[in-house]
Amino acid sequence: MSLGKAARSLVSPLRGALRYSGLSRSYTAAAAARAVLEHELETIRAAGTWKAERIITSKQGPEISVDGSRGILNFCANNYLGLSSHPEVVQAGIDALKTHGAGLSSVRFICGTQDLHKKLEQKLAEFHEREDCILYASCFDANAGLFEVLLGPDDAVLSDELNHASIIDGIRLCRANRLRYKHMDLGDLETKLKEAQSSRMRLVVTDGVFSMDGDVAPLRGICDLAEQYGAMVFIDECHATGFLGPRGRGTDELLGVMDRVHIINSTLGKALGGAAGGYTVGPKPLIDLLRQRSRPYLFSNALPPPVVGSATRAVELLLASNEIAQSMTAKTMRFRNKMTQAGFTIAGSAHPICPVMLGDARLASLMADDMLKLGVYVIGFSYPVVPKGKARIRVQISAAHTDEDIDHCVDAFIQTGRKHGVIS
């Protein structure tokens, strides 16, 4: 045997052994990862915080079908104005599908901008009374795309400690000095503003309405401090756009500070038809810069035409009339008052988000399951969505709910509350 053949005869088995060894290590790594993941899942189940997904077999609305059961009253959707299945909104989506197709297969700056997108951006800027608007695939993307572009290492961002996760994640992406102030605490905000006086720009960031508790940010005081200390104000209006304020413009209109709030991010996925999409409205130079540099905008496909068509019609309905928005207050207070009289603790203020506070995660989950048996769809919220020990069932009132719907929901809560010892 030649020396070359001898060498090859030794190398081939070695190569195979190495291949097998590498494959074995790969399987071992995957098995170890699987064990870690399964342990984590079991921890969630044991804590009673497992989030099961119920299957809805109908369109979204105040009454839905769940796992084949019809006539279930839905009290946990963000469908505040009932527009998700409004016939004109649905038809506008169908019309856009027929005229402009199912999608663009492109980001906006390449070949993904249609006249529909520009029309919706113009309508949203008009609705919020701002200079310009830019659309995103979601408000999570809008929050992820704003702060990195606007703020640099010489700037400061001052954020409420209970801001939405998307705001927190967006702020993490920027290089600004990050200062967190206590929830809705104007005194602590002022302290932080004083600390940030050496910064080039200062931006105060807050939810207009905090989605887990339904409490409204003290925007008048925030704007006063921002003006005193030379800061801009940003608000996330996902749980306010379309129904708060006399014309449904949002928290800034409700509190009379529309001309004092500089930047607004909000969503098309709640009151404005409920499909998908988010946006930023504000000064035109900012919007122009976001189109050039905002990564979620530059690297995400354009919103599908049916979504844009539906959202445009929803905004047009609200621009034409404030009747739907004005119907919310009485229905919200009917639920809150009846539940309080029954002995429940309801967090927040006069907002359609009505958290029924229970404390225990397992209790919230069990009560939600019992409510479904009584024909009412609600969901228990627990850690990590809310802080530990703050579990609740978050009820959301819609303009599409009738007084009878609300009374049925209250009656179901009373039955389940007594069963589980929450009320006597």
Side-chain angles (χ1 to χ4, degrees), residues 139 143 146-147 150-151 155-174 176-241 244-245 250-266 282 336 345-357 359 381-392 394:
C139 191
N143 285 333
L146 172 68
F147 305 107
L150 177 62
L151 302 173
D155 303 317
V157 56
L158 304 96
S159 177
D160 187 293
E161 65 180 353
L162 293 188
N163 276 337
H164 190 269
S166 61
I167 295 175
I168 295 170
D169 286 357
I171 289 173
R172 284 172 176 163
L173 294 172
C174 78
N177 180 28
R178 300 191 289 268
L179 302 169
R180 187 171 64 175
Y181 64 91
K182 295 176 184 177
H183 181 47
M184 301 202 309
D185 187 327
L186 295 177
D188 194 41
L189 173 59
E190 182 171 21
T191 298
K192 299 299 191 296
L193 281 166
K194 288 177 180 177
E195 292 178 19
Q197 283 305 287
S198 62
S199 300
R200 181 187 63 166
M201 290 194 300
R202 290 157 292 281
L203 180 68
V204 179
V205 174
T206 181
D207 277 311
V209 173
F210 293 85
S211 61
M212 288 299 107
D213 293 312
D215 45 1
V216 178
L219 286 185
R220 291 194 191 98
I222 288 173
C223 290
D224 288 344
L225 288 172
E227 290 166 5
Q228 180 180 349
Y229 291 98
M232 296 185 295
V233 177
F234 162 95
I235 57 175
D236 180 311
E237 286 285 83
C238 287
H239 290 276
T241 297
L244 279 195
T251 313
D252 57 339
E253 183 189 44
L254 176 72
L255 299 177
V257 292
M258 287 188 75
D259 58 341
R260 302 171 71 191
V261 172
H262 305 92
I263 307 165
I264 294 174
N265 278 5
S266 194
R336 284 181 170 272
T345 299
I346 310 299
S349 53
H351 189 277
I353 293 175
C354 305
V356 182
M357 302 304 294
F381 282 63
S382 57
Y383 180 82
V385 179
V386 296
K388 289 182 178 179
K390 298 283 187 179
R392 81 280 308 267
R394 188 182 73 175

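All figures in this text were calculated on a predicted structure; none of them were measured in a lab.
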Derivation and outcome, side-chain contact (heavy atoms from CB on, under 4.5 Å), residues L225 and L186: CA-CA 8 Å; L225 288 172; L186 295 177; 4.1 Å; yes

D160 vs V205, side-chain contact (heavy atoms from CB on, under 4.5 Å): CA-CA, chis, key distance, verdict: CA-CA 7 Å; D160 187 293; V205 174; over 6 Å; no

Chi angles and distances behind the side-chain contact (heavy atoms from CB on, under 4.5 Å) call for F147, L203: CA-CA 9 Å; F147 305 107; L203 180 68; 3.9 Å; yes

CA sep, side-chain torsions, deciding dist, call: L150, I263, side-chain contact (heavy atoms from CB on, under 4.5 Å): CA-CA 11 Å; L150 177 62; I263 307 165; 3.7 Å; yes

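Residues that satisfy the side-chain hydrogen bond (donor to acceptor under 3.5 Å, both in side chains) test with N265, not counting sequence neighbours, are N143, T280. Here R180 pairs with E161 under the side chain to side chain contact (heavy atoms under 4.5 Å, CB included) rule; sequence neighbours left out. Under the rule for a side-chain hydrogen bond (donor to acceptor under 3.5 Å, both in side chains), E195 has no partner lying at least two apart in sequence or in another chain. Listed by chain and number, the residues in a side-chain hydrogen bond (donor to acceptor under 3.5 Å, both in side chains) with D169 are R172 (sequence neighbours excluded). Evaluation of the side-chain hydrogen bond (donor to acceptor under 3.5 Å, both in side chains) rule for S199 yields no partner, not counting sequence neighbours. For T251, the side chain to side chain contact (heavy atoms under 4.5 Å, CB included) partners at least two apart in sequence or on another chain are V209, V216, L219, E237, A240, L244, L255. Applying the ring-ring contact (aromatic ring centres under 6.0 Å, His included) rule to F381 yields no partners; only residues at least two apart in sequence or on another chain are considered. Under the rule for a side chain to side chain contact (heavy atoms under 4.5 Å, CB included), the partners of D155 that lie at least two apart in sequence or sit in another chain are L151, A176, R200, M201. Residues meeting the side chain to side chain contact (heavy atoms under 4.5 Å, CB included) test with D224, sequence neighbours left out: R260.
For residues 202-221, every residue pair satisfying the salt bridge (charged side-chain N to carboxylate O under 4.0 Å, His left out) rule, not counting sequence neighbours, is listed here: D213-R392. Among residue pairs with one or both ends in residues 204-233, those qualifying as ring-ring contact (aromatic ring centres under 6.0 Å, His included) are H183-F210; sequence neighbours excluded.
Summarising the geometry, atom CG belonging to L189 is positioned 12.5 Å from atom CE belonging to M184; distances are rounded to the nearest 0.5 Å. Distance check: C238 SG to I264 CD1 gives 11.5 Å after rounding to the nearest 0.5 Å. To the nearest 0.5 Å, the span separating CG on L158 from CE on M232 amounts to 11.0 Å. Separating the NE2 atom in H164 from the OG atom in S159 is a distance of 12.5 Å, to the nearest 0.5 Å.
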Would you give me the side-chain donor-acceptor pairs under 3.5 Å for residues 383-390, sequence neighbours excluded?
none

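Looking at D259, V257, V233 one by one, the single match for side chain to side chain contact (heavy atoms under 4.5 Å, CB included) with D252 turns out to be V257.
Among all heavy-atom pairs drawn from G214 and H351, the shortest one is O-CB, 3.4 Å. Residues G208 and I235 approach most closely at N-CB, 4.4 Å, considering heavy atoms. The two residues G348 and R336 make their nearest non-hydrogen contact at O-NH1, 3.7 Å.
The shortest distance between side-chain heavy atoms of Y181 and L193 does not fall below 4.5 Å.
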